[in-house]
Protein chains: 2
Amino acid sequence: MSSTERLQRYLADERGGCGDEEVSQRLAELEEIDAAAGGPALDQDVGLLSALANETRYKIVRILHVAGEELCVCEFAPLLDVSDSAISHALSQLTDAGLVTRRKEGKWRKYRATARANAVLIALDGSREL
Amino acid sequence: MSSTERLQRYLADERGGCGDEEVSQRLAELEEIDAAAGGPALDQDVGLLSALANETRYKIVRILHVAGEELCVCEFAPLLDVSDSAISHALSQLTDAGLVTRRKEGKWRKYRATARANAVLIALDGSREL
DNA sequence: ACCATGATTGAATAATTGCTCAACTGAATG
DNA sequence: CATTCAGTTGAGCAATTATTCAATCATGGT
């Protein structure tokens with residue numbers, strides 16, 4: 001069964017129209033919606049979301065967000081139950097995704113949450129009780 | 001090496017203080033930040049982000065967001081290159097995560113994006129150019 | 001120059017995920 | 001009530017991911 005046959009029956013059911021014209025018009029609408037939905041930002045967004053979709057990485061970003069200042073890698077270690085290496089991997093992925101920025105200061109590395117990271121966390125917080 | 005030894009050296013380096021007191025005070029600050037960061041919402045948030053962190057599921061939510069109305073499962077099928085089963089699995093996970101709601105109408109099932117889903121997508125859109 | 005330390009990288013591996021197929025449930029219709 | 005159709009569920013498998021260990025890079029002190 002082609003996927004548009006089901007759509008055709010659906011449209012006949014819901015809207016009374018049952019001609020091919022009806023179907024292709026709705027299909028065109030849906031594809032317009034799809035085009036608006038799936039711009040080039042899609043991959044970037046999914047990358048960002050994947051980076052946040054892990055407890056270790058989420059916690060790092062949350063901590064930076066709450067701290068409101070840049071933190072040294074060595075300050076995360078006591079708060080996260082994973083190896084230094086895992087923390088470093090996490091920070092790399094977060095940097096690639098545009099959620100944190102890195103700055104060298106002598107032998108220490110300091111990380112800060114980006115505006116984008118803060119925006120997403122604020123949206124999560126603001127919509128929690130909806 | 002304990003993870004607080006490094007922190008101790010860091011604080012000595014950055015702030016001049018080198019006593020145990022300095023370290024335990026900063027540790028207390030960090031743990032307070034951590035506590036504020038890692039509330040009970042953590043698992044829920046990571047679940048939500050995991051649900052969105054997949055192209056198929058992200059597209060579904062985007063489509064619903066752009067459409068601004070409820071859509072029938074049969075309307076997604078022509079737009080997504082996966083099986084009906086995969087769409088159904090995706091919708092279940094999105095429902096569990098609180099990103100979409102489900103409604104029965106006769107033999108059809110209609111889904112709608114939640115306010116939370118819309119809030120997160122708006123945050124992503126609004127922070128894209130930052 | 002050498003060494004110690006902070007952090008990163010790459011390989012290896014265990015765990016998780018995403019998809020499909022096949023079987024199933026529930027609703028409408030003859 | 002048998003059949004058809006919309007959608008869901010669960011098992012199984014391929015692909016991806018999260019972590020650790022070991023090796024390495026980079027910085028600063030001796």
Side-chain angles (χ1 to χ4, degrees), chain A residues 1-14 18 43 46-60 70-78 80-97 100-111, chain B residues 1-14 18 43 46-60 70-78 80-97 100-111:
Chain A
M1 180 216 321
S2 129
S3 83
T4 60
E5 288 177 32
R6 190 160 95 227
L7 181 57
Q8 180 155 22
R9 283 189 292 271
Y10 172 67
L11 293 175
D13 230 43
E14 296 289 294
C18 55
D43 285 348
V46 172
L48 184 149
L49 293 162
S50 299
L52 265 187
N54 165 266
E55 185 171 329
T56 299
R57 294 189 300 265
Y58 178 90
K59 268 180 116 173
I60 288 173
E70 58 185 5
L71 293 180
C72 172
V73 174
C74 64
E75 293 181 285
F76 293 117
L80 301 170
D81 279 343
V82 293
S83 67
D84 286 355
S85 174
I87 294 176
S88 190
H89 280 296
L91 287 166
S92 282
Q93 192 172 342
L94 290 170
T95 305
D96 291 346
V100 305
T101 56
R102 194 162 72 149
R103 189 170 74 84
K104 277 158 94 157
E105 185 171 305
K107 64 204 298 194
W108 313 95
R109 301 288 151 87
K110 299 189 161 190
Y111 286 85
Chain B
M1 181 217 319
S2 127
S3 84
T4 60
E5 289 177 30
R6 189 161 97 225
L7 180 57
Q8 181 156 22
R9 283 189 292 271
Y10 171 66
L11 293 175
D13 230 43
E14 295 290 292
C18 56
D43 285 348
V46 172
L48 183 150
L49 293 162
S50 298
L52 264 187
N54 167 264
E55 185 171 330
T56 299
R57 294 189 301 263
Y58 178 90
K59 267 180 116 175
I60 289 174
E70 57 185 6
L71 293 180
C72 172
V73 175
C74 64
E75 293 181 285
F76 294 118
L80 302 170
D81 279 343
V82 292
S83 66
D84 286 354
S85 173
I87 295 176
S88 190
H89 280 295
L91 288 166
S92 283
Q93 190 172 343
L94 290 170
T95 305
D96 291 346
V100 306
T101 56
R102 196 163 69 149
R103 189 170 76 83
K104 278 159 92 156
E105 184 170 305
K107 63 204 296 196
W108 314 94
R109 301 290 151 87
K110 299 191 162 189
Y111 286 86

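Values reported hereafter were calculated over all heavy atoms of this structure, with side chains retained and with hydrogens, waters and symmetry mates removed. Only a predicted model underlies this, so the values are computations on that prediction, with no experimental measurement involved.
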Exercise for the section: Using the side-chain contact (heavy atoms from CB on, under 4.5 Å) rule, take A:Q93 and A:H89 through it: C-alpha gap first, then chi angles, then the decisive distance, then the call. Expected result: CA-CA 6 Å; A:Q93 192 172 342; A:H89 280 296; over 6 Å; no
Are any side-chain N or O atoms of [X] and backbone N or O atoms of [Y], one a donor and one an acceptor, separated by less than 3.5 Å?
{"X": "A:T4", "Y": "A:L7", "value": "no"}
{"X": "B:R102", "Y": "B:S92", "value": "no"}
{"X": "A:R57", "Y": "A:S50", "value": "yes"}

Practice task
Let me see the working for A:E14 and B:K110 under side-chain contact (heavy atoms from CB on, under 4.5 Å), right down to the final yes or no.
Solution key: CA-CA 12 Å; A:E14 296 289 294; B:K110 299 191 162 189; 3.2 Å; yes
Exercise for the section: Name the nucleic acid region contacted by B:Y111, choosing base, sugar-phosphate or nothing; use a 4.0 angstrom heavy-atom cut-off, strictly under. Expected result: sugar-phosphate
Practice task
Can you see which heavy atom on A:Y111 is nearest to which on A:V73, and at what distance?
Solution key: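 Heavy atoms only, the tightest pair is CE1-CG2, 3.5 Å.
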Problem - Shortest non-hydrogen separation from B:I87 to B:A77 and the atoms involved - result: CD1-CA, 3.7 Å
Rounded off to whole Å, could you give me the [atom1]-to-[atom2] distance for the [X] and [N] pair?
{"X": "B:D96", "N": "C:dT17", "atom1": "CG", "atom2": "P", "value": "13 Å"}
{"X": "A:K59", "N": "D:dA18", "atom1": "NZ", "atom2": "C1'", "value": "15 Å"}
{"X": "A:N54", "N": "D:dT19", "atom1": "CG", "atom2": "P", "value": "5 Å"}
{"X": "B:E14", "N": "D:dG28", "atom1": "CD", "atom2": "C1'", "value": "13 Å"}
{"X": "B:I87", "N": "C:dC19", "atom1": "CD1", "atom2": "P", "value": "10 Å"}
{"X": "B:D13", "N": "D:dG29", "atom1": "CG", "atom2": "C1'", "value": "11 Å"}
{"X": "B:R6", "N": "D:dT27", "atom1": "CZ", "atom2": "C1'", "value": "14 Å"}
{"X": "B:R102", "N": "C:dA27", "atom1": "CZ", "atom2": "C1'", "value": "14 Å"}

Practice task
Before accepting this row, confirm whether a basic side-chain N of the pair B:D84/A:R6 lies closer than 4.0 Å to the acidic partner's carboxylate O.
Solution key: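 Salt bridge between B:D84 and A:R6, a charged N being under 4.0 Å from a carboxylate O: yes.
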Per [X] side chain, nearest of listed nucleotides [options]:
{"X": "A:Q93", "options": "C:dA7, D:dA18, D:dT8", "value": "D:dA18"}
{"X": "B:R9", "options": "C:dC19, D:dT19, C:dG6", "value": "C:dG6"}
{"X": "A:R57", "options": "C:dA7, C:dC19, D:dA18", "value": "D:dA18"}
{"X": "B:W108", "options": "D:dT20, C:dT8, D:dG7", "value": "D:dG7"}
{"X": "B:C72", "options": "C:dT8, D:dG7, C:dG6", "value": "D:dG7"}

Practice task
Could you please spell out the steps behind the side-chain contact (heavy atoms from CB on, under 4.5 Å) verdict for B:N54 and B:K59?
Solution key: CA-CA 8 Å; B:N54 167 264; B:K59 267 180 116 175; over 6 Å; no
I'd like a list of close polar pairs between nucleotides 21-26 of chain C and the protein, N/O only, cut-off under 3.5 Å.
unit_1, atom_1, unit_2, atom_2, d
C:dC21, N4, B:S85, OG, 2.6

For [N] and [X] - does any side-chain N or O of the residue sit under 4.0 Å from the phosphate oxygens OP1/OP2?
{"X": "B:T56", "N": "C:dC19", "value": "yes"}
{"X": "B:Y10", "N": "C:dA7", "value": "no"}
{"X": "A:S92", "N": "C:dT9", "value": "yes"}

Problem - Inter-axis angle, terminal five-pair segments of the helix from C:dA1-D:dT30 to C:dG30-D:dC1 [nearest 10°] - result: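 Here the helix ends are tilted 20° relative to one another.
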Problem - Closest-nucleotide ordering on DNA chain D, the 5'-leading residue of B:E75 and A:V82 - result: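 The residue closer to the strand's 5' end, by nearest nucleotide, is B:E75.
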Exercise for the section: Take A:R103 and A:R109 through the test side-chain contact (heavy atoms from CB on, under 4.5 Å) and record every step on the way to the result. Expected result: CA-CA 6 Å; A:R103 189 170 74 84; A:R109 301 288 151 87; over 6 Å; no
